[in-house]
Amino acid sequence: MLTTGPKPVSPPPPLGRGRKRAAHAYDAALDDAELAAARSALAQGRWQTARSLLARTGDDWDRRGHRVTVLAQEQYCVPWTRDWLLAEPDSVDAAVLLGLAQVRRALRGKEKPVRARESCHAAAALAPADPTPWLGLLMLEKNLGAEPEVRRLFAEVRARYADHHHAHHLMIARLAEHQSGTGTDPLHEVYDFANAAAEQAPADSPLAVLPVIAHAERYRVLAAAGHEPRDAVASGHWTGRRARQVMRAAFDWWLEWEQEGHPRRLIDLNFLAHAKVCEGRGAEAAALFHRIGEHATPSPWSYPDRDPYAAFRTARDTALGTA
């Protein structure tokens, strides 16, 4: 392995209450054990494990996007990936990972956005069929960009993989923030977008759950603006006729869904369990919690400003009768 200087030393684990919270921290790898192992190796500068993982992933675009975005979150991903590129200057996987790692740094205010954009565009030029560099750009502009650019980047992702799971979630979160100062809005554009995407997707696609995602993201915006109670269970957002139809259709689809290997399915299950809790459908929520296990996700349990782990545990214990 080539190195450019002394290896950075990881900080010691936090003490006291911080350590207890860390034991319950959300793991972005979800249930992907290979990804978690590669991330741990990367944290120690052993980029070869990530190299092998991404090579095995191939053009399973949803899985590739999930794995690259999780690896990119590792604190020292940028320097270790640059080491990788020194050893293998033509590595497409290293270029893509570096681009998304710089996006992550830019979103944390530790990198100039222009450098992240340049890195992602360079990776896209090396891998014209890969939607992942465009996913990185969409992640960046979803927070920083103007509407036309966000829509253009979403179109770039879909031109390479029309049913990209993460890209659709990003677009829904962005669209939900339109007209944040208005009250109840059953005709909001985010619902139309989610419904159209779900209808156009293949029958076995997890995009069928997008209307539920849209409903939760719109609640986040409305609650933050004071138009809905900050306690999601106390909100009437999930009890209207249209909302009930959306939740029922999504739950029925899940009962029949046979592709349990989708890399981001646990994100969908958390959104669906949250919706069923808010809807007051305890038995259906319990079935989902059994499948989720300990794989809680920050969204939507944090909406609008709650401790996501505490909200998840309270909801799960109540649904399972262990409170």
Side-chain angles (χ1 to χ4, degrees), residues 21 24-26 168-191 193-195 198 206 208-254 264-323:
R21 285 197 300 271
H24 303 307
Y26 163 61
H168 279 83
H169 277 235
L170 290 171
M171 275 302 293
I172 283 178
R174 173 66 182 241
L175 291 175
E177 293 169 358
H178 291 183
Q179 299 176 327
S180 60
T182 60
T184 56
D185 46 6
L187 301 179
H188 191 277
E189 65 181 301
V190 72
Y191 301 131
F193 173 87
N195 291 336
V209 184
L210 286 178
V212 176
I213 311 301
H215 212 72
E217 294 292 354
R218 190 57 185 156
Y219 165 75
R220 168 180 60 86
V221 175
L222 291 173
H227 297 299
E228 290 283 355
R230 302 184 84 80
D231 179 355
V233 177
S235 170
H237 191 66
W238 278 267
T239 58
R241 180 180 177 184
R242 193 198 68 83
R244 290 196 302 269
Q245 290 174 339
V246 164
M247 306 314 157
R248 168 52 60 189
F251 186 77
D252 288 348
W253 174 89
W254 172 72
R264 285 168 50 90
R265 71 190 182 284
L266 288 161
I267 296 173
D268 288 330
L269 295 185
N270 272 268
F271 271 92
L272 190 50
H274 176 266
K276 287 299 176 182
V277 167
C278 294
E279 192 185 6
R281 309 282 294 191
E284 294 173 354
L288 291 157
F289 282 121
H290 278 299
R291 190 59 59 90
I292 292 168
E294 290 292 332
H295 297 290
T297 57
S299 301
W301 301 105
S302 63
Y303 293 169
D305 56 2
R306 306 181 70 193
D307 178 327
Y309 182 74
F312 172 82
R313 287 302 301 263
T314 298
R316 188 183 69 171
D317 291 349
T318 300
L320 299 180
T322 58

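Throughout, residue positions are numbered sequentially from 1 according to the sequence presented.
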Could you tell me whether the side chain of [Y] reaches within less than 4.5 Å of the side chain of [X], counting heavy atoms only?
X	Y	value
Pro308	Tyr26	no
Pro206	Trp253	yes
Arg174	Val190	no
Met247	Arg281	no
Leu269	Leu266	yes
Val221	Gln179	no

(request) Would you please classify the geometry between the His237 ring and the Tyr219 ring as parallel, tilted or perpendicular, with 30° and 60° separating the classes? (result)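 Taking His237 first and then Tyr219, their aromatic rings sit tilted (interplane angle of 30° to 60°).
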
(request) Describe, in one word, how the ring planes of His215 and Tyr191 are oriented to each other, choosing from parallel (under 30°), tilted (30 to 60°) and perpendicular (over 60°). (result)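 Taking Tyr191 first and then His215, their aromatic rings sit tilted (interplane angle of 30° to 60°).
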
Rounded to the nearest 0.5 Å, how far apart are [atom1] of [X] and [atom2] of [Y]?
X	Y	atom1	atom2	value
Asn270	His295	CG	NE2	10.0 Å
His169	Ile267	NE2	CD1	6.5 Å
Glu189	His178	CD	NE2	5.0 Å
Asn195	Arg242	CG	CZ	6.5 Å
Leu170	Glu217	CG	CD	9.5 Å
Leu272	Ile213	CG	CD1	8.5 Å

Any idea which heavy atoms bring [X] and [Y] closest together, and the distance?
X	Y	answer
Ala286	Ala319	CB-O, 3.6 Å
Ala223	Pro229	CB-O, 4.0 Å
Ala287	Trp254	O-CH2, 4.0 Å
Cys278	Ala232	SG-CB, 3.6 Å
Thr239	Ala243	N-CB, 4.3 Å
Ala273	Ala285	O-CB, 4.3 Å

(request) Please lay out, stage by stage, how His274 and Phe312 fare under the test ring-ring contact (aromatic ring centres under 6.0 Å, His included). (result) CA-CA 8 Å; His274 176 266; Phe312 172 82; over 10 Å; no

(request) State whether Phe289 and Arg316 meet the cation-pi test: NZ (Lys) or CZ (Arg) under 6.0 Å from the six-membered ring centroid, and within 45° of the perpendicular axis. (result)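 The answer is no; the distance or angle limit is not met.
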
Thinking salt bridges, do [X] and [Y] make one under a 4.0 Å N-O criterion?
X	Y	result
Arg264	Asp268	no
Glu284	Arg248	yes
Arg220	Glu177	yes

